[in-house]
Amino acid sequence: MISPLQTIEDSLHNLVNFIILPLFAFANAGVVFSGDEELIGSVTIAVAAGLLLGNL
């Protein structure tokens, strides 16, 4: 029998891995999502590469 907590954890797995975790990583790396600066900079590319390569 699968517990209700396990069911909730399984349903949130994709949301956390593909939305919440990358947003957390970008925020902690100091990436600013405003219209004043260049959106794709060196820090943004480095964080994205780290997230993608870290999953391999």
Side-chain angles (χ1 to χ4, degrees):
M1 182 172 156
I2 299 175
S3 70
L5 182 60
Q6 183 67 39
T7 305
I8 293 171
E9 184 180 342
D10 291 341
S11 66
L12 292 175
H13 181 74
N14 288 334
L15 176 70
V16 170
N17 280 343
F18 297 112
I19 296 174
I20 296 173
L21 184 64
L23 287 177
F24 182 76
F26 281 121
N28 283 324
V31 176
V32 179
F33 293 111
S34 67
D36 297 340
E37 296 181 20
E38 186 178 323
L39 180 61
I40 300 180
S42 59
V43 173
T44 308
I45 293 171
V47 171
L51 286 170
L52 291 173
L53 295 174
N55 288 328
L56 297 177

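By convention here, the first residue in the shown sequence is residue 1.
With respect to Ile19, the side chain to side chain contact (heavy atoms under 4.5 Å, CB included) criterion is satisfied by exactly one of Val16, Leu23, Asn17: Leu23.
For the atom pair CD (Glu9) and OG (Ser11), the distance works out to 9.0 Å, reported to the nearest 0.5 Å. To the nearest 0.5 Å, the span separating CG on Leu5 from CG on Asp10 amounts to 9.5 Å.
For Ile2, the CD1 atom sits in a loose shell: 12 or fewer heavy atoms of surrounding residues, nucleotides or ligands are nearer than 6.0 Å.
Hydrophobic clustering keeps Phe18 apart from Leu52 (ILVMFWY residues linked when any side-chain heavy atoms are closer than 4.5 Å, directly or through intermediates).
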